[in-house]
Protein chains: 2
Amino acid sequence: MTQVQILSRNQQIVLDIIEKAKGPLKAYSILFNVQKKGINAPQQIYRALDKLIEMGKIHKIESKNAFVACRSSDCEISKATAFSICESCEMVDEISDAKLSKYLSSFNHKKGMKFKRFNLEFFGLCKKCK
Amino acid sequence: MTQVQILSRNQQIVLDIIEKAKGPLKAYSILFNVQKKGINAPQQIYRALDKLIEMGKIHKIESKNAFVACRSSDCEISKATAFSICESCEMVDEISDAKLSKYLSSFNHKKGMKFKRFNLEFFGLCKKCK
DNA sequence: TTAATAAACGTTATATTATAACACTATGTT
DNA sequence: AACATAGTGTTATAATATAACGTTTATTAA
Ligand SMILES: [Zn+2]
Ligand SMILES: [Zn+2]
Ligand SMILES: [Zn+2]
Ligand SMILES: [Zn+2]
């Protein structure tokens, strides 16, 4: 019974912007885009971002300090994320590959760690930029 | 014929600190540690860090904005990096697993990207913290 | 060896990313 | 109503990173 998540006003505003964007968005660029809607401070953005990440609605691209909407509906609360990132045009694409995900999820480091989560970022040139 | 890399003064100072550290170091914590050696500005740290990363002597842990020394001598110029990160004690351990590395290096995203590089970060609890 | 080129350095200033702290408001439960 | 929880708005500040400029040192090649 997956309950429909109800978003707060600010969360919805921030999510809308990220979902409409063609590429990853930075927190302060989101902020500038929503000032007309009465959001004035970074805190309001970062709070919304945190919650949206928790819910798995968006992901943070760590190497870019930027945020993208989750495109894979089966992406279980951001526990296993993979992205391809173009080093030329900055395009980011979420990778949903069941085999990859399974392979990594079952990977256990020898030294005694049991992983709860991973994030994988591939870098290269996209089709367009190649 | 792998030539011995000669490091500049500042690069050597920064590398020494990172290599001696038990865990990942932040740029500004490196800075505070080397002020006695006459390094006064963030630029000097960041420049050294950039070069050391290029050389594959250190890696950046993207999710922490912190830097660790490379422990795997065969880590080819930071093209294929994987880490395990403890969410409790902040410990970071570089993973050298030939199979994993091979698997990921040969992974090609469907949408036409040919990857040059990847970075993988696993999160969980280390032996000690479990 | 000297001129040219590239790499590293030192410094000041500034941009970018992120969090702390506090008072207030809305919402749902007992 | 009393309480707890989540969200909001705001001001201030911390932490991370780069721009720009001029100088110095090392490397190369004429
Ligand atoms: Zn996702
Ligand atoms: Zn591209
Ligand atoms: Zn390495
Ligand atoms: Zn630990």
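Quick note: numbers below take in every heavy atom, side chains included, and nothing from hydrogens, waters or symmetry partners. Order of the sequence lines sets the chain letters (A, B, ...), proteins ahead of strands, with each chain counted from 1. These numbers were taken from a predicted model, which means no experiment stands behind them.
Listed by chain and number, the residues in a salt bridge (charged side-chain N to carboxylate O under 4.0 Å, His left out) with A:Glu87 are B:Lys116, B:Arg117 (sequence neighbours excluded). Under the rule for a side-chain contact (heavy atoms from CB on, under 4.5 Å), the partners of B:Asp97 that lie at least two apart in sequence or sit in another chain are A:Phe107, A:Lys110, B:Ile95, B:Lys99, B:Leu100.
Of all nucleotides in DNA chain C, those with any atom nearer than 4.0 Å to a heavy atom of chain B start and finish, going 5' to 3', at C:dA8 to C:dT12.
Summarising the geometry, the separation between CD1 on A:Ile45 and P on D:dG9 is reported as 10 Å, rounded to the nearest angstrom. The interatomic distance linking B:Asp50 (CG) with D:dA17 (C1') rounds to 10 Å, in whole Å. The nearest whole Å value for the distance from the CD atom in B:Gln44 to the P atom in D:dA17 is 17 Å. Following rounding to the nearest Å, B:Asn10 (CG) and D:dT25 (C1') show an atom-to-atom distance of 12 Å. Rounded to an integer number of Å, the gap from B:Lys51 NZ to D:dT18 P is 14 Å. Across the protein-nucleic acid pair, B:Ile61 atom CD1 and D:dT16 atom P stand 15 Å apart, rounded to whole Å.
Inter-residue side-chain proximity for A:Phe123 and A:Ser63 is flagged as met; some heavy-atom pair is nearer than 4.5 Å. For the pair B:Glu54 and B:Lys51, the minimum side-chain heavy-atom distance is below 4.5 Å. Taking 4.5 Å as the limit, some side-chain heavy atom of A:Gln11 sits within range of a side-chain heavy atom of A:Met55. Under the 4.5 Å side-chain criterion, counting only non-hydrogen atoms from C-beta, A:Arg47 is not in contact with A:Asn10. For the pair A:Ile53 and A:Phe67, the minimum side-chain heavy-atom distance is below 4.5 Å.
Annotation for B:Lys57 and B:Leu7: closest pair CE-CD2, 4.5 Å, computed over non-hydrogen atoms. Shortest non-hydrogen contact noted between B:Ile18 and B:Arg71 is O-NH2, 4.4 Å.
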For residues 19-40 of chain B, run the donor-acceptor check on the side chains, cut-off 3.5 Å, and write out each pair with its distance to 0.1 Å, sequence neighbours left out.
unit_1	atom_1	unit_2	atom_2	d
B:Lys26	NZ	B:Lys64	O	3.0
B:Asn33	ND2	B:Ser29	O	2.7
B:Asn40	ND2	B:Gly38	O	3.3

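Dashed line: the shortest gap from a side-chain N or O of A:Ser8 to OP1 or OP2 of D:dT8 is under 4.0 Å. The shortest distance between the side-chain N/O atoms of A:Asn65 and the OP1/OP2 oxygens of D:dT16 is not below 4.0 Å.
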What are the atom names and distances for every N/O pair under 3.5 Å that joins the protein to nucleotides 19-23 of chain D?
unit_1	atom_1	unit_2	atom_2	d
D:dA19	N7	B:Gln43	NE2	2.6
D:dA19	N6	B:Gln43	NE2	3.0

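Residue B:Lys60 is in sugar-phosphate contact alone, with no base atom involved, counting any heavy-atom pair closer than 4.0 Å across all strands shown.
Side-chain contact annotation: B:Ser84 with B:Asp93, donor-acceptor N/O pair under 3.5 Å absent.
Of the residues in residues 16-41 of chain B, those with a non-hydrogen atom less than 4.0 angstrom from any atom of DNA chain D are B:Lys26, B:Tyr28.
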